[in-house]
There are 2 protein chains.
Amino acid sequence: MPRASQRPRLVDVAEHAAVSLATASRALAGREGVSTEVADRIRQVAHELGYVANPYARTLASGATSTVGLIVHQVDDPYFSEIAAGVIQLASEQGLLVQICQSGRDPDYELQQLRHLIAQRVGIVLISGSGYDDPRMESAARAELAAFQNHGGRAAAIGRHALGVDAVLPDNEAGGHALAQHLMDFGHRRIAVAAGSAGLTTVADRLAGVSSALRERGRPTTDLAVVHTDFTRGGGRAAAEQILNDHPGTTAIIALNDVMAMGVLSTLRSRRVPVPARMSVVGFDDVSVAADLAPSLTTIRLPMTEMGRTALTLALKPRTARPRRRPTGHLLVVRDSTGPAPIT
Amino acid sequence: MPRASQRPRLVDVAEHAAVSLATASRALAGREGVSTEVADRIRQVAHELGYVANPYARTLASGATSTVGLIVHQVDDPYFSEIAAGVIQLASEQGLLVQICQSGRDPDYELQQLRHLIAQRVGIVLISGSGYDDPRMESAARAELAAFQNHGGRAAAIGRHALGVDAVLPDNEAGGHALAQHLMDFGHRRIAVAAGSAGLTTVADRLAGVSSALRERGRPTTDLAVVHTDFTRGGGRAAAEQILNDHPGTTAIIALNDVMAMGVLSTLRSRRVPVPARMSVVGFDDVSVAADLAPSLTTIRLPMTEMGRTALTLALKPRTARPRRRPTGHLLVVRDSTGPAPIT
DNA sequence: ATGAAAGCGCTAACAG
DNA sequence: CTGTTAGCGCTTTCAT
């Protein structure tokens, strides 16, 4: 096999500049202890030679990595692809490389990916996507991350609070609350929730917001039908079927994310239930296609791309005694999928 | 600073197994020259110790990398996120890590990303997204990739044929042809094309297919209005505006990708042009939301996820004398956005 | 079949 | 301010 690289090495730069390895290294790293003239000359030579440091050698020698590992559930889910876009943008601005992994929404596999990333000696780990109610599911990841950070690594989470690392936290509860209020303002009384898998913290939090809004207005819990299915388009379809069959009085469906809302709309369309005339529908996240669905989707906007950037920003800062938390804020975006409750 | 890793090293495994470094290395790499018993014992010990090789040391010593660099235009464009999903899936199955970069549809920046990736010593480079008509834009990338491969790297492209590397090639021309035929079968005569930036090979190829279909049926080129805007949703919106204003007789719009089609539908909706009663619309790619738009979109299905897998598969095989080409095939998916031409 | 030893290219003490 | 040198952890001849 041919040598993987015939590229100039630091020695080459040093020789051409007639200095030692150490000096060359210092100059290029921008560390002090080199006279400005010499440093400039070295940089000049390096540039002429097209020298780029070998990151493997550098990492091996210094122990410091410049790559960030990102774990998402599915890159082709728009929620995650927008987050990833933000992470990659900022990473690129900082000269960092991003290694991306998919957990496929499987906590065990996610743990495996996390271990793999750490074993690969990434310097930063970013983990996104809902956490799990069951503390056992999280504790292994938590331990892994703690050990990682104790060895000098940095980590941040997006959308999960139980990992013991810095976190960007979407306004799940407040968003759920706002959605329920919006629907009640339109006079809806029989509201159903197309919820993702029970056991996901994101689902629990958003649902809690919905419930509290109902409670505030003195609505009986029986007004709220909650159907748990997958946190995906298919799950949305299934939930809608079940709602139409089991809760025929329903006039509004809250899907706990936009992807589920797309499934809900799909079912309603094939069942010829007019939206919003006969049934209002809301989603959560405001993925970019939400505005292009028909009817366009009323939803809670989360700044996904920015969330990705924020997470990396947190991880780039030194660790603090107790993990930082950055709430995202949220915005109710009213579009065409919601309207007054039909008169019965 | 604490040592970046307190992880077991190969020496530790070797000591515990009472063998030399060399033997341990061979056994774990599955190379021959180690008796089965000894090899098994070593693997056993490694497992117990939770040993994972340090990829930096490994790469430095061997020159062979196990990471693949992937360049996409935008991860949050569904076309690319589906491709990325395929690449990441297969990479993960193969124990490879994926470093992902966004070029932002800028050829210069793309070149820069490519160089960065190569400088980072990735073993494989995958580059996706349309190429450029202007051969000067491509030649630099082409040279870079050639040098990379001559030094033992491997590369593959998705959707571009002029890079001198193995390529997965979508059926752009045939797809364009099929779309035009489909519309003509519905009796449409005045067809407009919402095309992406002139200068993109993907645009040129798809357009060529459309034109050839018209020519085959003896239609004058004047029946075809081509509007070049960005290859994005916004571009689709703009193109639709322009078509409605400048070519009022149009009864069908061919958007050269689904994202543009979404923009077109959006404009038609706000202009209250009924689809397909007054205007038929088709897209290209069949991104997963295409079926959820309203009306659901008639389009050409491309197997994006599989294309990602195929590209990596090609790159994992040894290089051949002349670059391989893998056409993708295509499928016309007829949905609700197309119908008979309105009677005038 | 196994071991000893020489690097891979770079950083980081330690000297001067 | 600059140079020398000892590794980082692994692979890979070359011996045995």
Side-chain angles (χ1 to χ4, degrees), chain A residues 1-43 45-46 49-66 118-121 123 151-152, chain B residues 1-43 45-46 49-67 119-121 123 151-152:
Chain A
M1 209 216 286
R3 274 262 318 306
S5 78
Q6 227 70 341
R7 298 179 151 273
R9 293 156 306 158
L10 187 55
V11 231
D12 302 321
V13 176
E15 272 175 16
H16 280 248
V19 296
S20 71
L21 261 182
T23 306
S25 174
R26 287 184 191 114
L28 295 176
R31 248 168 299 147
E32 57 185 16
V34 188
S35 70
T36 326
E37 308 164 18
V38 179
D40 282 346
R41 183 157 44 87
I42 293 173
R43 273 189 286 267
V45 170
L49 262 45
Y51 171 77
V52 183
N54 181 326
Y56 293 93
R58 184 200 285 273
T59 300
L60 186 55
S62 73
T65 326
S66 68
I118 294 176
Q120 295 288 320
R121 317 312 204 257
H151 288 357
Chain B
M1 203 216 285
R3 273 259 320 305
S5 78
Q6 226 70 341
R7 299 181 150 272
R9 293 156 307 159
L10 188 55
V11 230
D12 302 320
V13 176
E15 271 175 17
H16 280 250
V19 295
S20 72
L21 261 181
T23 304
S25 173
R26 286 181 192 118
L28 294 177
R31 249 169 298 146
E32 57 185 18
V34 188
S35 69
T36 326
E37 306 164 17
V38 178
D40 283 346
R41 184 158 42 90
I42 293 172
R43 274 190 285 268
V45 171
L49 263 45
Y51 170 76
V52 184
N54 180 325
Y56 294 93
R58 185 200 284 274
T59 300
L60 185 55
S62 72
T65 327
S66 68
T67 109
Q120 294 290 319
R121 317 307 205 262
H151 288 356

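Computed from a predicted model, the values in this text were never measured in an experiment. The chains referred to below are lettered A, B, ... by the order of the sequence lines, with proteins before strands, and numbering in each begins at 1.
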Establish, with yes or no, whether the OP1 or OP2 oxygen of [N] is under 4.0 angstrom from a side-chain nitrogen or oxygen of [X].
| X | N | value |
| --- | --- | --- |
| A/Ser20 | D/dT4 | no |
| B/Tyr51 | D/dC10 | yes |
| A/Ser35 | D/dT2 | yes |
| B/Arg31 | D/dT12 | yes |
| B/Ser25 | D/dC10 | no |

Which listed nucleotide ([options]) is nearest to the side chain of [X]?
| X | options | value |
| --- | --- | --- |
| A/Ala57 | D/dT12, D/dG9, C/dC10 | C/dC10 |
| B/Val19 | C/dG9, D/dC10, C/dG3 | C/dG3 |
| B/Val34 | C/dT2, D/dG7, C/dA12 | C/dT2 |
| A/Ala22 | C/dT11, C/dA12, D/dG9 | C/dA12 |

> Checking side chain to side chain contact (heavy atoms under 4.5 Å, CB included) for the pair B/Val34/B/Val19: CA distance, chi angles, key distance, verdict?
Replying inline: CA-CA 11 Å; B/Val34 188; B/Val19 295; over 6 Å; no

Starting at [atom1] of [X] and ending at [atom2] of [N], how long is that distance when rounded to a whole Å?
| X | N | atom1 | atom2 | result |
| --- | --- | --- | --- | --- |
| B/Leu60 | D/dG7 | CG | P | 17 Å |
| B/Glu15 | C/dG3 | CD | C1' | 15 Å |
| A/Tyr56 | D/dC10 | OH | C1' | 14 Å |
| B/Arg41 | C/dT2 | CZ | C1' | 12 Å |
| A/Glu32 | D/dT2 | CD | P | 13 Å |
| B/Leu10 | D/dC10 | CG | C1' | 7 Å |
| B/Leu21 | C/dT2 | CG | P | 15 Å |
| A/Glu37 | D/dT2 | CD | C1' | 14 Å |

> Does B/Arg26 get its side chain close enough to the base of C/dG3, under 3.5 Å, for a donor-acceptor pair?
Replying inline: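 Yes, a donor-acceptor pair under 3.5 Å.
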
>> Taking any heavy-atom pair under 4.0 Å as a contact, classify A/Ala29: base, sugar-phosphate, or nothing.
In response: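 Since no nucleic acid heavy atom lies under 4.0 Å of A/Ala29, the category is nothing.
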
> Is there a side-chain contact between B/Asp12 and B/Arg9 (heavy atoms, below 4.5 Å)?
Replying inline: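 In short, these two side chains touch, coming nearer than 4.5 Å.
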
> What is the minimum heavy-atom distance between A/Tyr56 and B/Arg121, and which atoms define it?
Replying inline: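 For A/Tyr56 and B/Arg121, the tightest heavy-atom pair comes out as CE1-CB, 3.6 Å.
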
>> For the backbone of B/Glu37 and the side chain of B/Asp40, can you confirm whether one donor and one acceptor N or O come within less than 3.5 Å of each other?
In response: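 Side chain of B/Asp40 to backbone of B/Glu37, a donor-acceptor pair under 3.5 Å: no, none is there.
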
> Where the side chain of B/Ser62 meets the backbone of B/Arg58, is there a donor-acceptor pair that is under 3.5 Å apart?
Replying inline: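 Such a contact is found between B/Ser62 side chain and B/Arg58 backbone.
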
